[in-house]
2 protein chains.
Amino acid sequence: MTEGVVERSRPRDRILETARDMFHKHGIKGVGVDAITEAAGTNKMTLYRHFESKDELIVECLRANALKAGAMWDAFEAEFPGDKLAQLHAWIRKAAAMLNADGRGCDMANAAAELTEPDHPARLVIKELKEAQRGRLVTLCRDAGIGQAELLADTLSLLFEGARVSVQTMGTEGPSAQFVRMAEGLIASFRGTSAG
Amino acid sequence: MTEGVVERSRPRDRILETARDMFHKHGIKGVGVDAITEAAGTNKMTLYRHFESKDELIVECLRANALKAGAMWDAFEAEFPGDKLAQLHAWIRKAAAMLNADGRGCDMANAAAELTEPDHPARLVIKELKEAQRGRLVTLCRDAGIGQAELLADTLSLLFEGARVSVQTMGTEGPSAQFVRMAEGLIASFRGTSAG
DNA sequence: TCTGGAAGTTACAGACCGGTAACACCCTAG
DNA sequence: CTAGGGTGTTACCGGTCTGTAACTTCCAGA
C-alpha cells in the first residue's frame, strides 16, 4: 500500500492531495478519476459531489501547487529577512534541489503540454500562476539592487524551466547538472554589469 | 479540409507525416489511431500493417523529427561553411523563429511529459536523440573557439528548452521574447571570459 | 433519541481507446 | 490474362474513460 495520504481528513482534501500526487507522477491524461478516488480511499460519487468535473479538479490541483510554491517564497523571506540577495541564492539552491528530487518537471508546464485545447480552463490559471511566479522573481531581483532585474529574472526562470524539462528527457546527469553554476554565473555577471 | 499531407504518396508516409503533425498539435494521448488514419486518408488496418503498435508509431515520429532537426544543422554548415560562430548565431535566429512559429514546445519534451512509464520505448529514443542534439551544439561551440564550450552549449540548450515550455504557458510575449538577447549576451560573455 | 446531511455502494450509460479478423478490391509485374 | 500483394471496408473484442442515478449507511448535532 503506497497510501499515507489517506489517513483521516475530509474526503475532499484527500482527493485533492491524492490527485496532485498522481497527476504529478503519471500525467493528467494518465490518471483516471476512478484511480484517484480509490487511492484516496473514497469513491467516484464523492469526488463528483466536491468537484463538478475532472477539469475542475485539475484546476484546483494547479492552484494548490501554486499555494505551496508561494509558501516557499515566504520561507525565503523568513529565513533571510530583508537580505534579498541571500533569498535569491536560496531560490537557486531550492531550484537545484527540486531538479534532483524527481525526474518529473513542473506540473504546470506538463499540464500545458498535455491539455492542448486552447480554451481549456487549466490554461488560463496556468498562465495566471506562472505570471505571478515571474513577478515574484522579478521583484526579488529588483529589490536585490540588480540592474536589468527583469532580464535576469526572465533568464533565470527560463534556465530553471529548461532544466526541469531536461531532467525529464536526459536525466539529472545532463545539462541540468550545471544549473547552479549557470545561475550563479548569471547573477555575478548581472551584478558586475551595472548598479550594485 | 485541413488536409494537404494526403496527396498521393505511400500510405506509410502519409500516416507518419499526419501522425507527426497531430501529435505535435494535440499531444500523443490526445490523438487516437482512428483519427490519424482518417486524417491521412487511409484506415486503421493499413496503419497496423506498417507499425506494430501505436508506441512504435510514436517512436518513428520522434525519429523523423530528429532527422528534420539534423537537416537544419546541415543547412547551417551549408550557409556558413567553416564559419562556426556564424552558424551558432544562425542557430539562435532559427531557435527564436521556432519560438514564434507556434505555441507548442519541443515534441520530445512534450512526449516525455506525457509518457511517464519509465520503460516506455519512446523514453529511450528521446534521451538518445536529445544527447545527439546536445553533442552537435557542444561541437559547434568548441569549434567556434569558445572556452568552456560544454558549459555554454548546456546553458544555451537549457535556455532554449525553457523558452519552448514558456511559450506554452505564458505565450510569446513572456520571458521567451528576450531569448535572442539572452543567448547573444551569453555568447559575448563566454567569448570575453577566456580563449578566443 | 431523532433527524438530516455527508459519504459509501452498486450499477449503469455512452463514448472512446488500441488492436484484430475476415473479406472485397484494385493495380501492377510477370 | 493472371496471380498476388498492398490496400480498403466493416465489424468486432475487451477494456477504459467521464459522469450519473438510486439507494444505503453512518454520524454528528439538536
Side-chain angles (χ1 to χ4, degrees), chain A residues 1 3 5-23 25-62 110-111 114-117 119-123, chain B residues 1 3 5-23 25-62 110-111 114-117 119-123:
Chain A
M1 310 300 165
E3 315 288 337
V5 183
V6 178
E7 310 177 22
R8 269 321 98 182
S9 53
R10 321 262 285 292
R12 188 183 193 279
D13 298 336
R14 277 181 285 150
I15 290 170
L16 204 53
E17 207 61 19
T18 308
R20 282 210 314 140
D21 182 57
M22 295 183 75
F23 285 156
K25 285 184 188 149
H26 312 296
I28 290 175
K29 299 202 177 173
V31 178
V33 292
D34 269 319
I36 293 171
T37 55
E38 187 190 330
T42 175
N43 56 73
K44 198 157 48 168
M45 270 314 301
T46 299
L47 186 152
Y48 280 104
R49 283 188 194 109
H50 289 287
F51 306 93
E52 76 169 17
S53 66
K54 183 185 182 183
D55 282 349
E56 191 187 287
L57 174 62
I58 293 166
V59 167
E60 290 308 310
C61 286
L62 294 174
N110 288 345
E114 282 194 84
L115 310 173
T116 62
E117 308 101 273
D119 58 348
H120 192 289
R123 298 197 74 83
Chain B
M1 314 298 165
E3 313 291 339
V5 183
V6 178
E7 309 179 22
R8 268 322 99 182
S9 53
R10 322 274 272 295
R12 189 184 192 281
D13 298 337
R14 278 181 285 151
I15 290 170
L16 204 55
E17 206 63 19
T18 308
R20 280 210 314 140
D21 183 57
M22 296 183 75
F23 286 155
K25 285 185 189 150
H26 312 297
I28 290 175
K29 299 202 177 170
V31 178
V33 291
D34 269 319
I36 293 171
T37 54
E38 188 190 328
T42 176
N43 57 72
K44 199 157 46 169
M45 269 315 300
T46 300
L47 186 152
Y48 281 102
R49 285 189 194 109
H50 289 286
F51 306 92
E52 75 169 19
S53 67
K54 185 185 181 184
D55 281 350
E56 189 186 289
L57 175 62
I58 293 167
V59 168
E60 290 307 311
C61 285
L62 293 174
N110 288 345
E114 284 195 84
L115 310 174
T116 62
E117 309 102 275
D119 58 348
H120 192 289
R123 299 196 73 85

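The basis for the numbers below is simple: all heavy atoms, side chains too, and nothing from hydrogens, waters or symmetry mates. Convention: sequence-line order gives letters A, B, ...; per-chain numbering from 1.
The two atoms that bring B:T18 and B:I36 nearest to each other are CG2-O, 3.8 Å, heavy atoms only. Of all heavy-atom pairs between A:L62 and A:A111, the closest is CD2-CB, 4.4 Å. When every heavy atom of B:A19 is checked against every heavy atom of B:L57, the shortest pair comes out as CB-CD2, 4.0 Å. When all heavy atoms are compared, the tightest approach of A:M22 to A:A39 is SD-CB, 3.8 Å. Between A:Y48 and A:S53, the closest heavy-atom pair is CE2-CA, 3.9 Å.
Across the protein-nucleic acid pair, B:D55 atom CG and C:dC17 atom C1' stand 13 Å apart, rounded to whole Å. Spacing between atom CG of A:L57 and atom P of D:dG19 amounts to 10 Å, rounded to whole angstrom units. A straight line from NE2 of A:H50 to C1' of C:dA7 spans 8 Å, rounded to a whole angstrom. Remark: P of C:dG8 and CZ of A:R12 are 15 Å apart, rounded to the nearest angstrom. Look at CD1 on A:I15: it is 10 Å from C1' on C:dA7, rounded to the nearest Å. Atom CG in B:L115 sits about 12 Å away from atom P in C:dG18, given to the nearest Å. The CG-P distance, from B:L47 to D:dT7, rounds to 12 Å in whole Å. At whole-Å resolution of the value, CD in B:E38 and P in C:dC16 are 12 Å apart.
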Short N/O separations, protein against nucleotides 3-5 of chain D, under 3.5 angstrom:
none

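Under the salt bridge (charged side-chain N to carboxylate O under 4.0 Å, His left out) criterion, A:K25 pairs with A:D21, not counting sequence neighbours. Shown here are the side-chain contact (heavy atoms from CB on, under 4.5 Å) partners of A:R123, two or more places apart in sequence or in another chain: A:A112, A:H120. In this structure, the side-chain contact (heavy atoms from CB on, under 4.5 Å) partners of B:T46, at least two apart in sequence or on a different chain, are B:P11, B:I15, B:T42, B:N43, B:R49, B:H50.
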## Note on the structure
Counting primed atoms, P, OP1 and OP2 as sugar-phosphate and everything else as base, the B/S/- map of nucleotides 9-18 of chain D against protein heavy atoms under 4.0 Å is B--------B
#### Entry: Candidate pair A:L16 and A:F51, rule side chain to side chain contact (heavy atoms under 4.5 Å, CB included), full reasoning
CA-CA 10 Å; A:L16 204 53; A:F51 306 93; 4.0 Å; yes
#### Entry: Residues B:R20, B:E17; criterion salt bridge (Lys or Arg N to Asp or Glu O under 4.0 Å); working and verdict
CA-CA 5 Å; B:R20 280 210 314 140; B:E17 206 63 19; 3.0 Å; yes
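In this structure, the helix from C:dT1-D:dA30 to C:dG30-D:dC1 shows an angle of 10° between the axis at its start and the axis at its end, each fitted on 5 base pairs and rounded to 10°.
Although no hydrogens or angles enter the test, the distance criterion places no donor-acceptor pair under 3.5 Å between the side chain of A:E114 and the main chain of B:G27.
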